[in-house]
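Naming: A, B, ... by sequence-line order, numbering from 1 per chain.
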Amino acid sequence: MSNAKLPRDFYTRASVLAIARDLLGQRLVVAGAGGRGRVAGIIVETEAYRGPQDRASHAHGGRRTARTETMYRIGGTAYVYFVYGMHHQFNVVTNVADVPHAILVRALEPVEGLASMRRRWPAPPPVLTNGPGKLCRALGIDRALDGADLLGDRVWIERGAPPAPRAIARGPRIGIDYAGPWAARPWRFWIRGNPFASRRDAPARPTASAPRLPGRAARPRG
DNA sequence: CAGCAGATTGACT
DNA sequence: GTCAATCTGCTGC
């Protein structure tokens, strides 16, 4: 089935970095509600947060609070929180229960329900889903979905077409300067050159399996 | 219970 | 490049 939900064992694997990479090309879906049809987008950018050891993680040092409790659930759970007084952030919990790994979905290519997405703004931006806060607004994701089972019927991820290994770029995570050296770790993954990624000019480097291309890698798209 | 920083965004110099 | 918006969850008193 091309539209099968990703199974539990996709999410419970031990390597949050591998899962962050493997989410690229998959399809994030939010069920229709309130007279709206379902909305969906292809994941084009992710960031991994590796639990207690990772200074940038909400669960750094094993921190366990009302908010972070969701991160300790089993892989395949949605972790949604609210920041900056106005934006929600959608994360995928990974690994087994009590290991608080999570992956922030930073950007999507919108593919279903574009009209529904635009209706969430009085004046819709030209690109609806090129950032973690924007994609939550476009898809109607808020804290009501915190803790939702990704194998359930409210929000889920369907199998899509993974990008070729050489099309995957990685680099430092965004917006975590407070995390010191952890901010420099290349734990952000995106589809190289994708026009829906949140930062098209960010420093990119080849993945281990990809050869460096000569010359024009950073050339702007036409 | 006051103070503050935040896994962002859009407007503006 | 700078900066305000806007509010929650935390920390520390």
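- More than 12 heavy atoms of other residues, nucleotides or ligands shown are found within 6.0 angstrom of CZ on R13(A).
- Between the NE2 atom of H88(A) and the CG atom of L139(A) there is a distance of 13.0 Å, given to the nearest 0.5 Å.
- Within the shown strands, dC4(B) is the pairing partner of dG9(C) under the Watson-Crick or G-U definition, both distances less than 3.5 Å.
- Note: NE2 (H58(A)) to C1' (dT11(C)) measures 15 Å, nearest angstrom.
- Rounded to whole Å, the distance from CZ on F189(A) to C1' on dA7(B) is 16 Å.
- Nucleotide dT6(C) holds its C1' atom 12 Å from the NE2 atom of H88(A), rounded to whole Å.
- For R106(A), a side-chain nitrogen or oxygen approaches OP1 or OP2 of dT8(B) to under 4.0 Å.
- In this structure, CZ of R67(A) is placed 12 Å from C1' of dC7(C), rounded to the nearest angstrom.
- Without hydrogens or angle criteria, N91(A) side chain to Y79(A) main chain gives a donor-acceptor distance under 3.5 Å.
- The residue G85(A) sits close to a base: some heavy atom pair falls under 4.0 Å.
- Straight-line distance from the CD1 atom of I174(A) to the C1' atom of dT9(B): 14 Å, rounded to whole Å.
- dA4(C) and dC4(B) have their P atoms separated by 16 Å, with the value rounded to a whole Å.
- Rounded to whole Å, atom P of dG9(C) lies 14 Å from atom CD of E69(A).
- Counting all heavy atoms, side chain and backbone alike, R50(A) lies closest to R185(A) at NH2-NH1, 4.1 Å.
- If you check every strand for non-hydrogen atoms under 4.0 Å, L104(A) touches a base.
- Aromatic rings from Y49(A) and H58(A) are positioned such that their centres are separated by 6.0 Å or more.
- Here the separation of dG1(C) from dA7(B), taken at their C1' atoms, is 22 Å to the nearest Å.
- Within the 4.0 angstrom heavy-atom criterion, no nucleotide atom of any strand lies near R55(A).
- Heavy-atom distances to DNA chain C give each of R143(A) and M86(A) a nearest nucleotide, and the one nearer the 5′ end belongs to M86(A).
- Across residues 74-84 of chain A, F82(A), Y84(A) each have a non-hydrogen atom less than 4.0 Å from an atom of DNA chain C (numbered order).
- For H87(A) and dA7(B), the shortest distance from a side-chain N or O to OP1 or OP2 is not below 4.0 Å.
- For P132(A), the side-chain atoms get nearest to dT9(B) when compared with the rest of dC10(C), dT9(B), dG10(B).
- Side-chain atoms of R173(A) come within 3.5 Å of backbone N or O of W182(A) as a donor-acceptor pair.
- Residue-level contact check: R63(A) touches the backbone only, with heavy atoms under 4.0 Å from sugar-phosphate atoms and none from bases.
- A donor-acceptor contact shorter than 3.5 Å is absent between the side chain of T129(A) and the backbone of L135(A).
- Residue R173(A) contributes atom CZ, which lies 12 Å from atom P of dT8(B) at whole-angstrom precision.
- The one candidate from I157(A), V92(A), T94(A), L23(A) that meets the side-chain contact (heavy atoms from CB on, under 4.5 Å) condition with F10(A) is L23(A).
- The nearest whole Å value for the distance from the CD atom in Q89(A) to the P atom in dT8(C) is 16 Å.
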